[in-house]
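Attaching a single structure in structure tokens format; questions to follow.
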Amino acid sequence: MTLTSPHLGSPSVWTDARLLYALEEVVEKELDRHLKVAKDWMPHEYVPWSDGRNFPGFFEDGEAWDKEQSKVTEVGRIALVVNLLTEDNLPSYHHEIATLFGRDGAWGTWVHRWTAEEGRHGIVMRDYLLASRAVDPDKLEQFRMAHMSEGFESDNRHSMLHSVAYVAFQELATRISHRNTGHQSGDPVCDRMLARIATDENLHMVFYRNLLKAAFELAPDLTMQAVRDVVVNFRMPGHGIPGFERAAAQMAIGEVYNLRIHHDDVLQPVLRFLKVLEVDGLGPEGLKAQEELGLFMGGLDAEARKFDEKLAARKARMAARATR
């Protein structure tokens with residue numbers, strides 16, 4: 001796409017409305033591509049219904065939940081709760097992107113399609129957790145009520161461009177979190193279910209990543225600043241979940257999601273694909289953002305190395321205790 005204008009990075013040229021209009025063709029193209037490669041799937045086919053039984057309450061034969069009934073590991077239970085509660089906030093996420101991207105044209109079609117696909121994730125995860133008795137259902141519902149009652153506001157709601165940049169990374173982060181949760185769960189049924197969800201998340205990432213690439217071609221300076229801001233201030237959408245900090249620490253130790261994974265498997269692949277640190281022809285603000293992004297990534301890698309060393313030392317101590 002070619003768009004004749006003065007300096008493309010100038011904020012006096014590009015507004016959210018103009019960028020939305022300019023990217024409409026790209027959205028339509030990416031939507032067509034997405035619909036060709038996305039495969040419909042049935043959430044109920046991934047749930048072990050035969051494992052299900054009544055819980056106490058209205059049913060006289062109801063059986064209370066006990067940790068021993070769960071087939072998943074401790075870190076698996078923690079990550080599954082965090083992942084599901086994150087998916088539970090879909091109504092708020094839909095509101096955010098529908099407000100930013102609109103409900104008309106290709107943008108609107110994508111917003112509704114994305115929401116419908118994401119809806120499957122919460123459905124299948126909750127059904128799996130209840131049928132398999134993987135987690136405490138009472139606590140899960142209490143956490144859901146507390147989390148959703150707080151409401152959700154995106155850190156990037158002020159800017160369409162920042163929001164596109166954010167989801168390009170966040171969709172990949174969610175894919176990685178689901179995939180690693182499955183690997184660490186200890187339950188092949190859970191692993192298979194989360195692999196299916198991860199496939200959706202990867203396609204969503206590709207959509208937004210390609211949109212971000214087009215934004216770099218249109219408004220390189222503004223897009224570079226948006227990427228810098230998002231990467232430096234990145235946090236997962238489930239950060240408001242009750243006990244999130246503790247759960248995140250346990251997931252980090254359990255190698256579901258930590259600094260090394262965030263750096264190597266989330267940030268670097270997107271930045272590499274877009275060749276963000278190689279973009280040239282930038283104005284002063286774009287160059288500043290690019291330099292700051294490079295410095296931040298170097299510092300994050302150093303922090304990840306420290307985490308790696310601590311994790312390796314912890315594993316060594318646990319292995320030594322096991323041999324005593």
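Values in this document were obtained by computation on a predicted structure and should not be read as measured data.
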Grouping I, L, V, M, F, W and Y whenever their side-chain heavy atoms are under 4.5 Å apart, do Phe101 and Leu35 come out in a common cluster? yes
N-O pairing of Asp301 and Arg305 below 4.0 Å: yes
Heavy-atom side-chain proximity of His239 to Met236 below 4.5 angstrom: no
salt_bridge(Asp40, Arg120) N-O dist < 4.0 Å: yes
Report, one line per pair, each donor and acceptor closer than 3.5 Å where one atom sits in a side chain of residues 198-208; sequence neighbours left out.
residue : atom : partner : partner atom : Å
Thr199  : OG1  : Ala195  : O            : 3.0
Asp200  : OD1  : Arg196  : NH2          : 2.7
Asp200  : OD2  : Trp41   : NE1          : 3.1
Asp200  : OD2  : His121  : NE2          : 2.9
Glu201  : OE2  : His121  : ND1          : 3.2
His204  : ND1  : Glu118  : OE2          : 3.0
His204  : NE2  : Glu117  : OE1          : 2.6
Tyr208  : OH   : Trp110  : NE1          : 2.9

Taking atom CE of Met148 and atom CD1 of Ile241, what is their separation to the nearest 0.5 Å? 11.5 Å
Backbone N/O of Gln184 and side chain of Thr73: donor-acceptor pair under 3.5 Å: yes
Between Glu303 and Lys306, does a salt bridge (Lys or Arg N to Asp or Glu O under 4.0 Å) hold up when you go through it step by step? CA-CA 5 Å; Glu303 288 298 312; Lys306 292 178 184 177; 3.6 Å; yes
With no hydrogens and no angle check, is any side-chain donor or acceptor of Asp16 less than 3.5 Å from a backbone partner on Met160? yes
Would you call His44 and Trp49 a side-chain contact if the rule is heavy atoms closer than 4.5 Å? yes
Would Asp136 and Arg77 satisfy salt bridge (Lys or Arg N to Asp or Glu O under 4.0 Å), going step by step from the backbone distance to the final call? CA-CA 9 Å; Asp136 185 335; Arg77 285 195 295 275; over 6 Å; no
Flag side-chain contact, heavy atom, 4.5 Å: Leu85 against Phe244: no
So, are Lys315 and Glu255 salt-bridged, with charged N and O less than 4.0 Å apart? yes
Do other residues, nucleotides or ligands put more than 12 heavy atoms under 6.0 Å from the CD atom of Glu63? yes
Verify side-chain contact (heavy atoms from CB on, under 4.5 Å) between Asp138 and Trp65, making sure each step is shown before the conclusion. CA-CA 9 Å; Asp138 292 346; Trp65 183 82; over 6 Å; no
Test item: His112 and His94 side chains (from C-beta on) under 4.5 Å apart, heavy atoms: yes
Could you check whether any side-chain N or O of Gln290 sits under 3.5 Å from a backbone N or O of Val276, counting only pairs where one atom can act as donor and the other as acceptor? yes
Before accepting this row, confirm whether a basic side-chain N of the pair Arg53/Asp61 lies closer than 4.0 Å to the acidic partner's carboxylate O. no
May I ask you to decide whether Asp191 forms a salt bridge with Lys71, counting only side-chain N to carboxylate O separations under 4.0 Å? no
Using a strict cut-off of less than 4.0 Å between a Lys/Arg side-chain nitrogen and an Asp/Glu carboxylate oxygen, indicate whether Asp155 and Arg235 qualify as a salt bridge. yes
How many angstroms lie between atom CG of Leu218 and atom OG1 of Thr223, to the nearest 0.5 angstrom? 7.5 Å
Does the side-chain contact (heavy atoms from CB on, under 4.5 Å) test come out yes or no for Arg209 and Phe169, once each step is laid out? CA-CA 8 Å; Arg209 183 195 65 187; Phe169 295 102; over 6 Å; no
For Glu141, is there an ion pair with Arg144 - N to carboxylate O distance below 4.0 angstrom? yes
Salt-bridge criterion met for Lys29 and Glu25 (N-O under 4.0 Å): no
Would Phe273 and Tyr166 show up in the same hydrophobic cluster when neighbours are defined by side-chain heavy atoms closer than 4.5 Å? yes
To the nearest 0.5 Å, how far apart are CG in Leu90 and CD in Glu87? 7.5 Å
Going through the checks in order, is the side-chain contact (heavy atoms from CB on, under 4.5 Å) test met by Val167 and Gln170? CA-CA 5 Å; Val167 288; Gln170 180 265 319; 4.0 Å; yes
Are Phe143 and Val81 close enough that some pair of their side-chain heavy atoms sits under 4.5 Å apart? yes
When clusters are formed by joining ILVMFWY residues with side-chain heavy atoms under 4.5 Å apart, either directly or through shared neighbours, do Val135 and Leu130 land in the same one? no
Judged by modelled atom types alone, do Glu153 and His95 share a side-chain donor-acceptor pair under 3.5 Å? no
Backbone N/O of Asp66 and side chain of Gln69: donor-acceptor pair under 3.5 Å: yes
Atom CZ of Arg179 and atom CG of Leu172: how far apart are they, to the nearest 0.5 Å? 13.5 Å
Ring of Phe307, cation from Arg260 - is the NZ or CZ under 6.0 Å from the centre and inside 45° of the axis? no
So, Gln250 versus Glu74: side-chain donor-acceptor pair below 3.5 Å or not? no
Should Leu277 and Val227 be counted in the same cluster of Ile, Leu, Val, Met, Phe, Trp and Tyr side chains packed under 4.5 Å apart? yes
To the nearest 0.5 Å, what is the distance between NZ on Lys213 and NZ on Lys275? 8.0 Å
Is it the case that the ring center of Phe152 lies less than 6.0 angstrom away from the ring center of Tyr93? yes
Compare all side-chain heavy atoms of Glu60 with those of Asn54 and state whether any distance is below 4.5 angstrom. no
Report yes or no: does Asn258 contribute a side-chain atom to a donor-acceptor pair with the main-chain N or O of Ile261 at less than 3.5 Å? yes
Are the side chains of Tyr46 and Ile197 in touch, meaning some heavy atoms are under 4.5 Å apart? no
For Leu194, which of Asp187, Asn180, Leu80, Val124 qualifies under side-chain contact (heavy atoms from CB on, under 4.5 Å)? Leu80
Under a 3.5 Å distance rule, please check whether Thr109 uses its side chain to pair with a backbone N or O of Gly105 as donor and acceptor. yes
Donor-acceptor pair, distance only, cut-off 3.5 Å: does the side chain of Trp14 make one with the backbone of Leu222? no
Between Ser149 (side chain only) and Ala146 (backbone N and O only), is there a donor and an acceptor less than 3.5 Å apart? no
Does Val270 belong to the same Ile/Leu/Val/Met/Phe/Trp/Tyr cluster as Leu259, with side-chain heavy atoms less than 4.5 Å apart forming each link? yes
Within the distance-only criterion (no hydrogens, no angle test), does the side chain of Gln225 pair as donor or acceptor with the backbone N or O of Asp221 below 3.5 angstrom? yes
Would you sort out whether Met297 and Val231 count as a side-chain contact (heavy atoms from CB on, under 4.5 Å), showing the intermediate values? CA-CA 9 Å; Met297 290 299 294; Val231 169; 4.1 Å; yes
For a quick check under 3.5 Å, do Asp88 and His147 share a side-chain donor-acceptor pair by atom type? no
Side-chain heavy-atom pair Ser132, Val189 within 4.5 angstrom cut-off: no
Test item: Ser177 side-chain N/O and Ala173 main-chain N/O as donor-acceptor pair under 3.5 Å: no
